[in-house]
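Have a look at the structure below before the remarks.
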Amino acid sequence: MEEAEAVRSNFIREIIDSDLEKGTYGDKVATRFPPEPNGYLHIGHAKSICLNFGIARDYSGTCNLRFDDTNPSKESIEYVEAIKKDVQWMGFSWGERQFFASDYFEQLYQYAIQLIKMGKAYVCSLGPDEIREYRGTLTEPGKESPFRNRSVEENLDLFTRMRAGEFPDGEHVLRAKIDMAAANVIMRDPTLYRIKHVAHHRTGDAWPIYPMYDFTHCLSDAIEEITHSLCTLEFENNRELYDWVLDTLGLSPRPYQYEFARLNLTYTVLSKRRLIQLVEEGLVNGWDDPRMPTLSGLRRRGYTPEAIRTFCDKIGIAKSDNMVDYAMLDFCLREDLNDRAPRVMGVVKPLKMVITNYPEGGEEEFEFPYHPEDEAMGSRKVPFSRELYIEQDDFREDPPRKYFRLSPGREVRLRYAYYVTCEDVIKDPATGEVIEVHCTYDPKTKGGWSEDGRKVKGTLHWVSAKHAVQAEVRLYDKLFTQENPMDVPEGQDFKDVINAESLEVVPGYVEPSLASVEPGYHCQFERLGYYCADPDSTPGKPVFNRITTLRDTWARKERSQQGKKA
RNA sequence: UGGGGGAUGGUCUAGGGGUAAGACGACGGGUUCUGGCCCCGUUAACCAAGGUUCGAAUCCUUGUCCCCCAGCCA
């Protein structure tokens with residue numbers, strides 16, 4: 001089993017190749033994955049993780065895990081732990097290279113003092129609203145703050161006292177002295193430090209002031225001797241400030257920032273704000289709800305790290321806005337699990353079948369391979385008896401054209417077992433619904449094949465009723481009804497296009513071997529799809545999540561036939 | 001009406017003066033004890049208009065459309 005094809009190149013790898021050739025950093029390549037611990041990682045982060053750790057792996061470089069924890073009012077240790085778990089699960093390791101921006105608070109503070117001494121930063125005592133007013137607009141230049149020309153001494157005094165906790169929140173900020181008329185609004189004397197009397201999850205009450213992202217990130221990169229700092233497109237405007245801080249401080253050699261397009265996936269939302277809304281408003285069952293695009297949700301659903309990594313390789317890295325088809329992810333999952341997942345029998349929407357000429361009370365066992373194309377995966381015994389469950393979809397009283405499953409008078413194969421012929425149907429007298437099918441079997445077809453060469457077109461999966469294990473089966477579907485959940489009429493939002501049928505819980509029956517599988521167990525229910533045992537499973541009462549169905553050309557054909565009739 | 005980016009089949013991504021390539025999807029066929037997998041085939045693209053050139057997706061010019069930026073968020 002090979003791990004995908006060779007990683008395709010992209011503009012970032014070209015830049016690295018060129019730096020290596022020029023010897024910009026010698027032969028060193030150092031990246032970092034810098035999440036803010038204020039939420040759970042999602043598949044968009046996986047793209048960044050694969051990019052950064054993948055580059056480190058391929059260039060024999062390093063990739064640091066760095067928590068960008070400069071805003072204690074939003075961050076917590078809970079998120080730090082969840083993020084570490086998710087990165088590990090993705091299959092990447094940072095070894096000893098785990099850092100926190102908060103590790104650098106003292107150094108950052110010293111750099112700020114250096115800027116003040118250089119006359120490149122000042123304490124501004126304007127309020128938030130005034131700062132906004134003074135900033136100007138996109139088309140008009142800003143005005144200089146009246147505090148812009150405080151002396152170095154006064155700035156030093158004030159900043160030191162900010163640090164000492166002498167002022168309440170909002171009283172002052174430290175700003176870079178750049179250019180209030182800059183075309184790039186970010187360069188109009190950006191805030192470097194704000195006062196926040198909030199305990200930090202790591203530094204506690206040690207700091208009443210906290211550095212801003214733009215000041216922290218570039219310097220953290222420099223401190224860690226990062227060579228290539230990769231982030232998403234919305235930070236392109238911030239690059240000028242990134243460069244300004246490092247160059248003003250005269251740091252060399254220094255990291256450079258490169259931006260790539262973030263991932264968008266059809267039928268999903270990938271912004272922290274919106275994911276939080278789904279969780280907090282109870283529209284899903286938590287961060288790890290199997291419908292969530294969070295890594296914890298995907299993991300619980302049953303998506304494998306291998307599939308997600310392959311997916312990230314396949315979608316590539318570029319700079320144009322994109323909307324990747326969710327089908328691509330499912331393809332990667334099926335590709336992975338097709339090789340590795342044991343084939344087992346599970347009936348999700350049961351219909352009882354009675355084999356009328358099979359001895360009452362009789363039973364026998366068959367030895368089924370776990371994977372017909374991979375003998376090494378072994379086998380297990382599966383019981384057979386007079387009463388079975390088959391899939392409702394596998395019987396039609398009035399079969400459409402080209403339907404070759406069971407219908408009155410029709411002979412089909414019960415997988416690995418016998419040929420059976422439908423002789424009778426039992427209906428609910430009240431509803432007319434078929435509740436039982438009566439069949440006869442041909443004892444000479446034991447094992448599921450016939451010596452006389454007689455062919456049957458349909459093969460059905462089944463579970464012996466008396467031996468069946470009842471399982472809760474959670475059938476998941478897309479969380480939203482439209483490709484782009486953001487594309488809604490005025491006055492509506494993404495929550496108005498949530499798919500009411502994104503979760504259907506059904507009582508199913510599975511073969512006895514599945515009675516006590518471990519949570520996280522992946523398998524293929526033959527002919528149905530890939531399933532994963534949920535942590536809610538208990539011994540004897542498994543819970544299975546449907547990850548995705550098998551490719552179903554019959555369903556598609558039938559759908560298009562109906563479309564033609566309509 | 002400021003600045004920063006971006007535009008290649010339905011989708012994602014290559015190609016950076018010389019036959020527009022791959023993957024997903026869709027469609028058709030072969031095979032099959034999973035209507036799965038696998039195999040084969042079909043479909044379908046360079047934002048527009050000018051220009052340079054023997055030759056332009058690529059270089060130049062002018063447009064068009066889309067995204068990002070006015071947090072003491074990241």
Side-chain angles (χ1 to χ4, degrees), chain A residues 5 8-10 34-36 38 68-71 73-75 124 126-128 131-133 135-142 169-175 181-188 190-196 209-210 212-214 216-217 231-240 259 261 263 266 272 311 313-332 334-335 338-339 343 372-373 402-405 413-417 419 447-449 455-461 483 524-529 549-558 560:
Chain A
E5 60 255 41
R8 258 178 305 133
S9 191
N10 55 55
E36 183 191 10
N38 71 341
D68 223 332
D69 55 348
T70 58
N71 187 358
S73 34
K74 290 187 175 174
E75 298 153 3
C124 180
L126 253 22
I131 287 191
R132 193 180 323 117
E133 278 173 42
R135 186 152 32 224
T137 70
L138 293 179
T139 50
E140 297 157 333
D169 290 9
E171 183 94 346
H172 308 288
V173 292
L174 183 73
R175 292 229 252 167
N184 182 354
V185 186
I186 285 176
M187 298 300 278
R188 322 242 258 233
T191 301
L192 266 22
Y193 269 89
R194 75 287 213 188
I195 300 172
K196 250 183 200 290
I209 56 172
Y210 291 96
M212 300 286 289
Y213 165 84
D214 284 305
T216 308
H217 202 88
C231 63
T232 44
L233 250 30
E234 65 270 25
F235 290 98
E236 274 177 323
N237 299 308
N238 301 58
R239 186 177 60 228
E240 193 176 353
E259 310 86 11
L263 170 68
T266 57
K272 257 184 207 174
F311 171 76
D313 288 344
K314 276 193 201 298
I315 60 174
I317 298 290
K319 295 198 71 155
S320 52
D321 293 325
N322 60 79
M323 175 76 81
V324 176
D325 195 335
Y326 197 95
M328 189 82 86
L329 215 208
D330 274 343
F331 171 84
C332 295
R334 293 192 186 110
E335 186 184 44
N338 179 51
D339 291 339
R343 270 54 172 175
E373 280 111 43
K402 299 275 186 68
Y403 183 86
F404 48 81
R405 275 111 95 146
R413 168 170 37 235
L414 294 177
R415 173 141 240 223
Y416 296 133
Y419 287 9
W449 63 282
K455 295 265 192 263
V456 289
K457 277 209 228 146
T459 298
L460 273 45
H461 61 279
E483 287 203 353
Q524 183 198 98
F525 284 177
E526 288 218 32
R527 304 208 306 131
L528 293 182
T549 61
L550 255 32
R551 202 161 157 269
D552 191 346
T553 50
W554 164 247
R556 198 179 302 140
K557 191 177 292 180
E558 197 178 26
S560 74

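Chain letters run A, B, ... following the sequence lines, proteins first, then strands; residues in each count from 1. Model, not experiment: these values are computed from the prediction.
Note: CG (A/N322) to P (B/rG10) measures 17 Å, nearest angstrom. Put simply, CG on A/D552 is 12 Å from P on B/rC27, counting in whole angstrom units. Summarising the geometry, the separation between CG on A/D325 and P on B/rG9 is reported as 15 Å, rounded to the nearest angstrom. Going from atom CG of A/L550 over to atom P of B/rU34 covers 11 Å, rounded to whole Å. Between the NZ atom of A/K457 and the C1' atom of B/rU31 there is a distance of 15 Å, rounded to whole Å. The CG-C1' distance, from A/N10 to B/rG6, rounds to 17 Å in whole Å. Across the protein-nucleic acid pair, A/D330 atom CG and B/rG36 atom C1' stand 14 Å apart, rounded to whole Å. Between the CG atom of A/D339 and the C1' atom of B/rU34 there is a distance of 15 Å, rounded to whole Å.
Closest contact between the side chain of A/K319 and the listed nucleotides B/rG25, B/rG5, B/rA23 involves B/rG5. Comparing atom distances between the A/R551 side chain and each of B/rG36, B/rU34, B/rC24 picks out B/rG36 as nearest. Minimum atom distance to the side chain of A/K402 is reached by B/rG35, of the listed B/rG35, B/rA14, B/rG25. If you check B/rG36, B/rA26, B/rG35 against the side chain of A/R556, the one that comes closest is B/rA26. Counting only heavy atoms from C-beta on, A/I315 has its side chain closest to B/rC12 among B/rC12, B/rG35, B/rG36.
No contact: A/E140 has no heavy atom under 4.0 Å from any strand. At the heavy-atom level, A/Y326 lies nowhere under 4.0 Å from the strands shown. A/F331 comes within 4.0 angstrom of the backbone, heavy atoms only, and of no base. Counting any heavy atom pair closer than 4.0 Å across all strands shown, A/F404 reaches a base atom. Using a 4.0 Å heavy-atom distance criterion, A/M323 is classed as a sugar-phosphate-only contact.
B/rA49 sits 12 Å from B/rA57 when the P atoms are compared, rounded to a whole Å. One P atom belongs to B/rA48, the other to B/rU64, and the distance between them is 15 Å to the nearest Å. For B/rU19 and B/rG25, the P atoms lie 29 Å apart once the distance is rounded to whole Å. For B/rC46 and B/rC69, the C1' atoms lie 30 Å apart once the distance is rounded to whole Å. Spacing between B/rG5 and B/rU53 at atom C1', rounded to whole Å, works out to 30 Å. Comparing B/rG15 with B/rU58, their C1' atoms sit 9 Å apart, to the nearest whole Å. Comparing the C1' positions of B/rA20 and B/rA74 gives a spacing of 40 Å, expressed to the nearest Å. Taking the P atoms as reference points, B/rC27 lies 46 Å from B/rG4, given to the whole Å.
A/D321 has its side chain within reach of A/L233: a pair of non-hydrogen atoms, C-beta onward, lies under 4.5 Å apart. A/M212 places none of its side-chain heavy atoms less than 4.5 Å from the side chain of A/V173. Using a 4.5 Å heavy-atom threshold, the side chains of A/Y213 and A/P34 count as separate. Counting only heavy atoms from C-beta outward, the side chains of A/K196 and A/N71 approach each other to under 4.5 Å.
Put simply, the side chain of A/N184 gets close to the backbone of A/N237: a donor and an acceptor are under 3.5 Å apart. Side chain of A/T266 to backbone of A/Y326: a donor-acceptor contact under 3.5 angstrom is found. No side-chain donor-acceptor contact under 3.5 Å links A/R413 to the backbone of A/K455. Counting only distance, with no hydrogens or angles, the side chain of A/R188 and the backbone of A/A182 share a donor-acceptor pair below 3.5 Å.
With a cut-off of 3.5 Å on both pairing distances, the Watson-Crick or G-U wobble partner of B/rC65 is B/rG6. Across all strands shown, the partner of B/rA23 is B/rU11, judged by Watson-Crick or G-U wobble contacts whose two distances both fall under 3.5 Å. The base-pairing partner of B/rU32, taking Watson-Crick or G-U wobble contacts with both distances under 3.5 Å, does not exist among the strands shown. B/rU53 makes up no base pair with any nucleotide shown, lacking Watson-Crick or G-U wobble contacts both under 3.5 Å.
Residues A/E75 and A/N38 share a closest heavy-atom pair of CG-CB, 4.1 Å.
In this structure, A/S320 does not reach the B/rC12 phosphate: none of its side-chain N or O atoms is under 4.0 Å from OP1 or OP2. Put simply, A/R239 has a side-chain N or O that comes within less than 4.0 Å of OP1 or OP2 on B/rG5.
The base of B/rG35 sits with one of its N or O atoms less than 3.5 Å from a complementary donor or acceptor on the side chain of A/R405.
Under the side chain to side chain contact (heavy atoms under 4.5 Å, CB included) criterion, A/D169 pairs with A/I195, A/H197, sequence neighbours left out.
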Exercise. For nucleotides 69-74 of chain B, just jot down a letter per nucleotide in 5' to 3' order: B, S or -, based on protein non-hydrogen atoms under 4.0 Å.
Key: BBSBSB
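Its glycosidic angle being within 90° of 0, B/rG71 falls on the syn side. For B/rG36, the glycosidic angle deviates from 0 by more than 90°, giving an anti base.
Of the two residues contacting RNA chain B, namely A/E240 and A/V324, the nearest-nucleotide position lying further toward the 5' end is that of A/E240. Comparing A/A261 and A/T553 along RNA chain B, the residue whose closest nucleotide (by nearest heavy atom) sits nearer the 5' end is A/A261.
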